[in-house]
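Please read the structure below before turning to the comments.
Note that the structure is predicted; figures quoted are calculated from it, not measured. Start at 1 and go down the list; that is how both ligands and their atoms are numbered.
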Amino acid sequence: MLAHRLHGIPPTIFSEMSALAMRTGAINLGQGFPDVDGPPSVIARAVKALRSGHNQYAPGIGVPALRQAIARHQQRHYGLDLDPDSEVVVTTGATEGIAAALLGLVDPGDEVVVLEPYYDSYVAMIQMAGGVRRPITLRAPEFRLDVDALRAAVTARTRLMLVNTPHNPTGTVLTRAELQAIADVAIEHDLVVITDEVYEHLVYDEHAHVPLATLPGMFERTLTLSSAGKSYSFTGWKVGWATGPAELVGAVLAAKQWLTFTSGSPLQPAIAHALDAEAEFPRRLAAELAGRRDLLCTGLREVGMEVREPEGTYFATADISALGWPDGMAFCLALPARAGVVAIPSQAFHDDVEAGRHLVRFAFCKEPALIEQGLARLASGDLTA
Ligand code: PMP
Ligand code: GLN
């Protein structure tokens with residue numbers, strides 16, 4: 001029954017693994033969602049909006065107050081000047097931003113150069129748009145950009161590049177030099193770049209997030225996606241946005257109007273409030289997450305995994321080779337019974353399955369007590385194959 005455009009795309013690993021956690025009562029360190037909500041003042045603002053008549057369709061492009069707050073955010077953090085009426089569009093999470101951008105910009109047969117391991121909706125949406133993905137693999141243990149591979153992946157059919165930094169699942173934050181290499185290729189081949197920056201504020205230590213759109217010659221060819229889900233711990237609200245030159249934002253809007261038409265009204269003024277009045281929240285969140293990252297990584301090392309210290313995001317990638325499993329999928333399927341914990345096999349995010357076979361992703365956007373409990377379970381379980 002299924003249309004060709006969905007053939008070969010498995011159900012999302014996040015639903016599969018969260019269902020496994022529910023079924024088994026395991027601690028869910030798989031799907032990335034915080035166990036504590038974002039700022040109470042933002043919730044209060046949403047309640048106020050619900051009670052004061054913000055319950056009918058918002059404008060398709062998004063409510064003006066939110067678009068203006070997004071423009072101010074881009075100016076405050078990155079010095080980018082955006083016209084909120086033509087260079088900002090509100091989306092139903094970054095997920096709709098990804099979908100609308102690919103449907104709006106990719107023609108059948110167009111090639112999309114994309115970093116793998118992928119956030120899984122990229123694969124589905126490139127295929128649904130009729131595009132062909134050309135993966136550039138970030139390889140363990142360092143997960144850096146291979147610039148030669150990037151150059152080799154570009155052909156006459158390449159339409160655009162899809163970049164994600166800070167990168168889910170590896171935790172890599174692309175350096176300015178890596179971004180400059182992407183920019184050089186984009187400019188040389190006249191490519192559009194879609195950049196998924198939903199973890200823009202969740203970076204640690206000396207690592208800094210550099211938006212691709214701030215590099216010379218890049219604003220005019222870059223569509224930047226972000227979301228309040230990660231920065232404000234409201235993943236269930238699904239409020240995201242796309243910013244960039246009017247032509248690229250217009251392509252998103254052209255597709256978005258037929259996907260959702262408009263995004264939920266009452267949450268938009270609340271996220272406008274978050275961006276302006278709770279501007280410090282993401283920084284505090286990142287400071288808390290840095291400690292949880294250390295807690296998780298130390299604990300995973302103690303149970304025999306090699307762990308790459310994430311530079312950003314709220315995920316850590318662990319190498320389970322020493323535990324003797326044939327692959328991360330077998331390990332993750334066994335983990336609830338072995339230790340009462342759920343994690344995500346990174347191979348689900350790869351075309352080059354070999355590159356991800358031995359890797360497993362753990363989320364640390366959880367209360368320290370829960371992370372400690374998960375680690376205690378891993379320490380007392382039998383993790384060897
Ligand atoms: N991109 C990446 C890299 C993500 O990790 C997520 C979170 N699931 C999204 C996009 C989707 O964001 P949203 O929940 O706002 O749709
Ligand atoms: N971004 C989160 C993750 O990577 C949630 C993904 C999802 O539920 N689609 O785990």
Side-chain angles (χ1 to χ4, degrees), residues 9-22 28-35 38 62 66 70 89-102 114-126 138 143 162-174 194-203 209 212 223-243 252 256 259-260 263-264 267-268 271 274-275 282 289 310-317 332 342-346 348-350 356 359-366:
I9 304 175
T12 167
I13 191 74
F14 301 115
S15 302
E16 187 183 342
M17 289 298 163
S18 285
L20 182 63
M22 292 288 275
N28 190 353
L29 301 182
Q31 188 181 22
F33 57 91
D35 48 7
L66 177 54
I70 293 164
V89 54
V90 175
T91 58
T92 302
T95 305
E96 192 198 30
I98 293 161
L102 291 167
V114 49
L115 303 185
E116 77 162 9
Y118 315 105
Y119 179 58
D120 63 354
S121 88
Y122 302 166
V123 171
M125 288 316 308
I126 291 169
L138 302 180
F143 302 109
L162 175 49
V163 175
N164 169 218
T165 185
H167 184 262
N168 176 10
T170 64
T172 289
V173 176
L174 294 178
I194 300 172
T195 166
D196 176 344
E197 303 185 355
V198 298
Y199 298 100
E200 60 188 316
H201 295 301
L202 305 184
V203 293
H209 170 64
L212 195 59
L223 183 73
T224 304
L225 307 179
S226 195
S227 166
K230 318 295 169 179
S231 300
Y232 284 94
S233 297
F234 287 123
T235 61
W237 283 23
K238 302 297 286 187
V239 178
W241 48 87
T243 58
V252 172
K256 184 218 155 71
L259 292 171
T260 52
S263 298
L267 301 181
Q268 295 190 44
I271 295 301
L275 292 174
L289 285 168
E311 301 166 345
T313 77
Y314 39 54
F315 305 110
T317 291
C332 287
V342 157
I344 303 277
S346 299
F349 306 132
H350 277 272
L359 302 175
V360 170
R361 190 194 82 172
F362 291 85
F364 55 86
C365 47
K366 305 291 177 186

Just need the protein heavy atom nearest to [atom], so name the residue and atom and give the distance.
| atom | answer |
| --- | --- |
| atom 8 (N) of ligand 1 | Tyr119 OH, 2.8 Å |
| atom 10 (C) of ligand 1 | Asp196 OD2, 3.3 Å |
| atom 8 (O) of ligand 2 | Gln31 NE2, 2.6 Å |
| atom 5 (O) of ligand 1 | Tyr199 OH, 2.6 Å |
| atom 11 (C) of ligand 1 | Thr95 OG1, 3.3 Å |
| atom 7 (C) of ligand 1 | Lys230 NZ, 2.4 Å |
| atom 1 (N) of ligand 2 | Lys230 NZ, 2.9 Å |
| atom 14 (O) of ligand 1 | Lys238 NZ, 3.3 Å |

Test: Lys366 cationic atom under 6.0 Å from Phe33 six-membered ring centre, within 45° of axis: yes

Any nitrogen or oxygen of [X], side chain or backbone, less than 3.5 Å from one on ligand 1?
| X | value |
| --- | --- |
| Thr235 | no |
| Asn164 | no |
| Thr92 | no |

Distance under 4.0 Å to a non-hydrogen atom of [X]: what atoms of ligand 2 satisfy this?
| X | result |
| --- | --- |
| Tyr199 | 1 (N) |
| Phe315 | 3 (C), 4 (O), 10 (O) |
| Gly32 | 2 (C), 3 (C), 5 (C), 10 (O) |

Thr170 versus Thr317, side-chain donor and acceptor atoms under 3.5 Å: no

Proximity flag Tyr119 to ligand 2, non-hydrogen atoms under 4.0 Å: yes

Any Thr12 heavy atom less than 4.0 Å from ligand 2: no

Worked check of side chain to side chain donor-acceptor pair (under 3.5 Å) between Asp120 and Thr12: CA-CA 7 Å; Asp120 63 354; Thr12 167; 2.7 Å; yes

Atom indices of ligand 1, in the order listed, that fall short of 4.0 Å to a heavy atom of Gly93: 13 (P), 15 (O), 16 (O)

Subset of ligand 1 atoms that lie under 4.0 Å from at least one heavy atom of Ala94: 10 (C), 11 (C), 12 (O), 13 (P), 15 (O), 16 (O)

Closest to atom 15 (O) of ligand 1 (judged by heavy-atom distance), picking from Ser227, Ser121, Gly97: Ser227

Does any non-hydrogen side-chain atom of [Y] lie less than 4.5 Å from one of [X]?
| X | Y | answer |
| --- | --- | --- |
| Asn168 | Tyr199 | yes |
| Ile344 | Phe349 | yes |
| Lys256 | Thr92 | yes |

Ligand 2 versus Arg361: contacting region, heavy-atom distance under 4.0 Å: side chain

